[in-house]
Amino acid sequence: MNFKVKNDTFLRALLRQPTEYTPLWMMRQAGRYLPEYRATRRTAGSFLGLCKNPDFATEVTLQPLDRFPLDAAILFSDILTVPDAMGLGLYFAEGEGPKFERPIVTEADVKALHVPDIGTDLKYVTDAVSQIRKALDGRVPLIGFSGSPWTLACYMVEGGGSDDYAKVKTMMYKNPKMMHSILEVTAQTVTAYLNAQIEAGAQAVMIFDSWGGALSHSAFHEFSLAYTQRIVEGLIKEKDGVRIPSIVFTKGGGLWIESIANSGCDAVGLDWTMDIGVARQKVGNKVALQGNLDPTVLFATPDVIRNEVEKVLSSYGYGSGHVFNLGHGISQHTDPENAAALVQAVHELSKKYH
Ligand code: CP3
């Protein structure tokens, strides 16, 4: 029991302890589908202006919680703050998504990579974590996060988003040593970064391996999971006598759920492609599961949403160990009323399973 949090349902579910209902939060719950987010973003001037100012980051983190009775808050930031701090120069081109001024191309670029000083270069993130934790005042737990080394490397080598990951996968096959050097320094950075978030007040941490699913079976294990596992092993497991659970989310990772569950994490995040009941059978009592409603369901009506929520809940079945979530981030075109319908449906319909 975590006495510091009034609603600790989320933390208990991650540790597979009994709960009264299935807790939920939504990936990208603070974002453009909320008019109040768009207003704060206009005041801040840009998305990075929000991330780099702890006052704005706190404000937008709390916005979805003021609207919906969610069971967890997630730090408002981005996974790409890490390569930015490693010297790559993050920027957002209007309507084009994230880009780097200095992507990694040559061996010299790799040699120049360094573990940043988290306390200076990413101080705006740890400051935001402590400020959000204070503002939450124990309402719900705060989740800290990072990208996985593989997912970060995709952006670092491609220089931005990609449809086919041709540059980063070419490097992986042609020059695996170079790829491993990038992943090594990134894994060290991510471990220090997540531990700094925990020290600042994050009560659970999540690793987003959004592009792990682009890899072959053997490449996933060698270039993605091996590094995620090292990070999980290096995480602070307990703070002030309270367990800090970790969640590993691999988009497209359903095929590898057993090996992900063996990484030492407390919970595995699922995208919407896998039946969560089958996933539960495969992982047994090893980990909790987080997921896995297709975010597109939120484009339908409240009745449809309720029906689809029931399918996920009944597939997971009776007992604890399930944190309800979307299988990926909520779309910016979602009607907030439908997000409200989702939260209500999960809270109401899940009671009978506990
Ligand atoms: O979940 C939350 O509410 C916390 C905030 C959060 C953001 N990004 C805010 C954001 C989190 C956890 C992320 C993680 C993230 N960022 C991932 C991993 C999760 C996933 O979606 O697979 C990735 C791959 C990124 C990189 C990234 N950041 C992209 C590709 C984009 C552009 C796509 C888009 O939706 O515009 C971003 C920008 C971004 N990150 C926005 C938000 C709210 C939109 C920025 C805006 O306001 O214009």
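We use all heavy atoms of the structure for the numbers below, so side chains are in, but hydrogens, waters and symmetry mates are not. Indexing begins at 1, ligand by ligand and atom by atom, following the structure's order.
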Heavy-atom contacts under 4.0 Å between Lys251 and ligand 1: side chain, backbone, both, or neither? neither

Among Arg28, Glu96, Gln332, Gln63, closest by any non-hydrogen atom to atom 2 (C) of ligand 1: Arg28

For atom 9 (C) of ligand 1, which protein heavy atom lies nearest, and how many Å away is it? Ser77 O, 3.3 Å

Parallel, tilted or perpendicular: which fits the ring planes of His328 and Trp211, with parallel below 30° and perpendicular above 60°? perpendicular

protein heavy-atom neighbour closest to atom 48 (O) of ligand 1 works out as Arg41 NH2, 2.6 Å

Under 4.0 Å between a Lys/Arg side-chain N and an Asp/Glu carboxylate O for Glu258 and Lys286? no

Is it true that a side-chain atom of Arg280 and a backbone atom of Tyr316 form a donor plus acceptor pair closer than 3.5 Å? yes

If the cut-off is 4.0 Å to any non-hydrogen atom of Phe208, which atoms of ligand 1 fall inside it? 12 (C), 18 (C), 19 (C)

For ligand 1, is there an N or O atom under 3.5 Å from any N or O atom of Thr151? no

Under 3.5 Å between any N/O of Asp78 and any N/O of ligand 1: does that happen in this structure? yes

How does Leu50 reach ligand 1, if at all, at less than 4.0 Å between non-hydrogen atoms: by side chain, backbone, both, or neither? neither

Out of curiosity, is Tyr37 lining ligand 1, as in a heavy atom under 4.0 Å away? yes

Which protein heavy atom lies closest to atom 14 (C) of ligand 1, and at what distance to 0.1 Å? Ile79 CG2, 3.7 Å

Donor-acceptor side-chain pairing of Asp109 and Thr106 below 3.5 angstrom: yes

Using ring centroids (six-membered ring only for Trp), state whether Tyr173 and Phe223 fall under 6.0 Å. no

Are the side chains of Arg67 and Gln29 in touch, meaning some heavy atoms are under 4.5 Å apart? no

Between the side chains of Lys177 and Glu107, is the shortest nitrogen-to-carboxylate-oxygen separation below 4.0 Å, so that they form an ion pair? no

Under 6.0 Å between ring centres, would you say that holds for Phe249 and Phe145? no

Write out the residue and atom name of the closest protein heavy atom to atom 11 (C) of ligand 1, then the distance separating them to 0.1 Å. Phe145 CZ, 3.6 Å

Could you tell me whether ligand 1 has any atom less than 4.0 Å away from a heavy atom of Ala30? yes

Which residue and non-hydrogen atom of the protein lie closest to atom 31 (C) of ligand 1, and at what distance in Å? Pro98 CD, 3.7 Å

Output the list of atoms in ligand 1 that are nearer than 4.0 Å to some heavy atom of Gln29, sorted by atom number. 1 (O), 2 (C), 3 (O)

Side-chain contact test, heavy atoms from C-beta onward, threshold under 4.5 Å: evaluate it for Ser146 versus Val205 and give yes or no. no

Salt-bridge contact Asp294-Lys311 (side-chain N to carboxylate O under 4.0 Å): no

Closest non-hydrogen protein atom to atom 41 (C) of ligand 1, residue and atom name please, with distance? Phe47 CE1, 3.7 Å

Can you tell me the protein heavy atom closest to atom 20 (C) of ligand 1 and the distance? His328 NE2, 3.1 Å

Membership question, hydrophobic clusters at under 4.5 Å side-chain separation (ILVMFWY): are Tyr91 and Val157 in the same one? no

Give the atom numbers and elements of ligand 1 that come within less than 4.0 Å of a heavy atom of Ile74. 1 (O), 2 (C), 3 (O), 4 (C)

Where ligand 1 meets Phe76 - atom numbers and elements under 4.0 angstrom, heavy-atom basis: 43 (C)

Donor on one side chain, acceptor on other, Thr81 and Tyr193, under 3.5 Å: yes

Heavy-atom contacts with Met27 under 4.0 Å: which atoms of ligand 1 show up? List them by number with element. 1 (O)

Provide, to 0.1 Å, the distance between atom 36 (O) of ligand 1 and the closest protein heavy atom, together with that atom's residue and name. Arg32 NH2, 2.6 Å

Return yes if a side-chain donor-acceptor contact under 3.5 Å exists between Thr9 and Asn7, otherwise no. yes

Got an N/O contact under 3.5 Å between Trp25 and ligand 1? no

